[in-house]
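Values below: all heavy atoms of this structure, side chains included; hydrogens, waters and symmetry mates excluded.
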Amino acid sequence: MKTWLKTLCLVPLAAAALVGTSAARAADLLDTVKSAGVLKIGIEGTYPPFNYRGANGDLEGFDVDVAKAVAAKLGVKPVFVTTEWSGIIGGLVSGKFDVIVNQVAITDERKKSVDFSQPYVYSAAQLIQRKDDKREFKSLDDLKGKKLGVSLGSNYNTLAKSVAGIDVRTYPGAPEYLRDLASQRIDAALNDRLMLAYLIKTSNLPLRPGAVLQGANESVGIPFRKGNPQFAKAIDDALTQMKQDGSLAKLSQQWFGEDTSKPAK
């Protein structure tokens, strides 16, 4: 009698365990993406040369090309969801998209909220100054008591605020702080060294590249929601394949004239 009851009790428990295991598997983002046949990609669409609208209105740029290649490796269609930078991590966490491919630097603070792929870009922070400004700021310490423009919510905002004494001014994006820099409302600005040449050329403003900040190197990865180990492996495998077959280096050369997929020596 006790044996029968024990067996009877174990049946629903075993069934529940199987359902739980199945649910856990189905919950992995890889299954969801494969089932839908699409990879939803969060992107600004206003951050050239990484992502922007071309003359025909379509999204173009280095990150757009990388995202398309990763989706192809996963065997799904890329679907881009444009959003402002200030809310892009929140949009990922809330499920508006599956990944972000938008030059998101890998930081310990961001790792508290999301998981990251392996790096696909290595870069560094660089200052921007006015052409007629004879001062040479070599480090953030040189900007103590000065006004420094950065994008709201960016890694550069955090970096600038790590040095006491800098008057950090935050802006929605690069166009706004570049205009203020040219108008002498701020003393310098800070952004990714890979995009400075493009920013300065297309701004048509009297600006010049400043110093590359020593020790401010960045590793850029693809963030996605936590708790998706199968998806994490699939994304890393896709990037590894792109590094091994040379396609990632080719995209880097196309957009920047150098291989940004490896750390600078």
| message | Any non-hydrogen side-chain atom of V104 less than 4.5 Å from a side-chain atom of F116? | response | yes
Q) Is a side-chain donor or acceptor of S35 paired with a backbone partner of T32 at a separation under 3.5 angstrom? A) no
Rounded to the nearest 0.5 angstrom, the CG-CG distance for N191 and L127 is 10.5 Å
| message | Could you check whether D167 pairs with R169 (Lys NZ or Arg NE/NH1/NH2 to Asp/Glu carboxylate O, under 4.0 Å)? | response | yes
Quick one: does N157's side chain have a donor or acceptor within less than 3.5 Å of a partner on S154's backbone?
no
Check: Is the number of heavy atoms from other residues, nucleotides or ligands within 6.0 Å of NZ (K131) greater than 12?
Finding: no
*Would you say the side-chain atoms of E218 and Y156 include a donor-acceptor pair closer than 3.5 Å?*
yes
query: Are side-chain heavy atoms of V220 and I106 found at a separation under 4.5 Å?
result: no
CD (Q241) and CD (Q244) are apart, to the nearest 0.5 Å, by 7.5 Å
- Answer yes if the side chains of D63 and Q103 hold a donor-acceptor pair under 3.5 Å, and no otherwise. yes
Checking Q126 side chain against G210 main chain: does a donor-acceptor pair fall under 3.5 Å?
yes
Would a distance-only check, ignoring hydrogens and angles, find a side-chain to backbone donor-acceptor pair under 3.5 Å from R225 to D98?
no
When N102, I41, N51 are each screened for side-chain contact (heavy atoms from CB on, under 4.5 Å) with V64, the one that passes is N51
Within the supplied structure, the quantity of interest is the number of heavy atoms (other residues, nucleotides, ligands) at a distance under 6.0 Å from K147 NZ; does it exceed 12? no
* Asked: Does one hydrophobic cluster hold both L194 and L199, with members joined at side-chain heavy-atom distances below 4.5 Å?
  -> yes
**Asked** Can we say R185 and D180 salt-bridge, meaning some charged N sits less than 4.0 Å from an Asp/Glu carboxylate O?
**Response** yes
Look at the side chain of D142 and the backbone N and O of K138, then say whether any donor-acceptor pair between them is shorter than 3.5 Å.
-> yes
Between V121 and V101, is there shared hydrophobic-cluster membership here, with clusters defined by ILVMFWY side-chain heavy atoms closer than 4.5 Å? yes
Min side-chain heavy-atom separation L148-D187 under 4.5 Å: no
Is Y120 reachable from I88 through a run of I, L, V, M, F, W or Y residues, each pair having side-chain heavy atoms under 4.5 Å apart? no
Taking the basic N atoms (NZ, or NE/NH1/NH2) and the acidic carboxylate oxygens, is any pair closer than 4.0 Å for R208 and E136? yes
To the nearest 0.5 Å, atom CZ of F256 lies from atom CZ of R193 at 9.5 Å
Check: N204 and T202 side chains under 4.5 Å, non-hydrogen atoms = no
Open item on the list: Please check this pair: side chain of D28 against backbone of Q230, looking for a donor-acceptor N/O pair closer than 3.5 Å.
Closed with: yes
| Flag side-chain contact, heavy atom, 4.5 Å: S123 against T260 | no
| message | Could you check whether any side-chain N or O of N228 sits under 3.5 Å from a backbone N or O of L29, counting only pairs where one atom can act as donor and the other as acceptor? | response | yes
field: Salt-bridge criterion met for E84 and K96 (N-O under 4.0 Å)
entry: no
Tightest non-hydrogen contact, residues L239 and V70, listed as CD2-CG2, 3.9 Å
Which is it for F97 and I43 under the side chain to side chain contact (heavy atoms under 4.5 Å, CB included) test, yes or no, and what are the steps along the way?
CA-CA 9 Å; F97 26 84; I43 204 163; over 6 Å; no
In this structure, CG of D259 is separated from NZ of K243 (nearest 0.5 Å) by 9.5 Å
Practice problem: Give a yes or no on whether a salt bridge exists between K226 and D115, defined as a side-chain N under 4.0 angstrom from a carboxylate O. | Solution: yes
_Student check: side-chain heavy atoms of F50 and D192 closer than 4.5 Å_ = yes
Rounded to the nearest 0.5 Å, the NZ atom of K146 sits from the CZ atom of F137 at a distance of 5.5 Å
Heavy atoms of G173 and E176 approach each other most closely as O-OE1, 3.0 Å
**Message:** Regarding Q118 and T240, do their side chains bring together a donor and an acceptor under 3.5 Å, going by distance alone?
**Reply:** yes
Note: Y177 and L190 closest approach over all heavy atoms is OH-O, 3.7 Å
- Task: Any chance you could lay out the side chain to side chain contact (heavy atoms under 4.5 Å, CB included) test for K68 and F80, step after step, and finish with the verdict?
- Result: CA-CA 10 Å; K68 288 178 178 178; F80 293 97; 4.1 Å; yes
Heavy-atom closest pair (L181 atom, I128 atom, distance to 0.1 Å) is CD2-O, 3.6 Å
Rounding to 0.5 Å, atoms CZ (R179) and OH (Y171) come to a distance of 10.0 Å
Closest heavy-atom pair, A234 versus L30, reported as atoms and distance to 0.1 Å, is CB-CD1, 3.8 Å
Q.
Quick check on the 6.0 Å ring-centre criterion: do Y52 and Y47 meet it?
A. no
Between A188 and L143, the two heavy atoms sitting closest are CB-CD2, 4.0 Å
Exercise for review: Check the hydrophobic clustering (I, L, V, M, F, W, Y; side-chain heavy atoms under 4.5 Å; chains of links allowed) and say if L248 and M195 are grouped together.
Suggested key: yes
State plainly whether the residues K112 and D108 are in salt-bridge range, i.e. N to O under 4.0 Å.
no
* Under the 3.5 angstrom rule, does the side chain of W85 hit a backbone N or O of S151 as a donor-acceptor pair? -> no
message = Using side-chain heavy atoms (C-beta onward) and a distance below 4.5 Å, is V38 in contact with V76?
response = no
Is S252 close to F62 at the side-chain level, that is, under 4.5 Å between some pair of heavy atoms? yes
### Test side chain to side chain contact (heavy atoms under 4.5 Å, CB included) applied to I100 and I222, step by step
CA-CA 6 Å; I100 302 170; I222 298 176; over 6 Å; no
Determine, step by step, whether L140 and L159 satisfy the side chain to side chain contact (heavy atoms under 4.5 Å, CB included) criterion, reporting the C-alpha distance in whole Å, the side-chain angles of both residues, the deciding distance to 0.1 Å, and the verdict. CA-CA 9 Å; L140 289 180; L159 178 63; 3.8 Å; yes
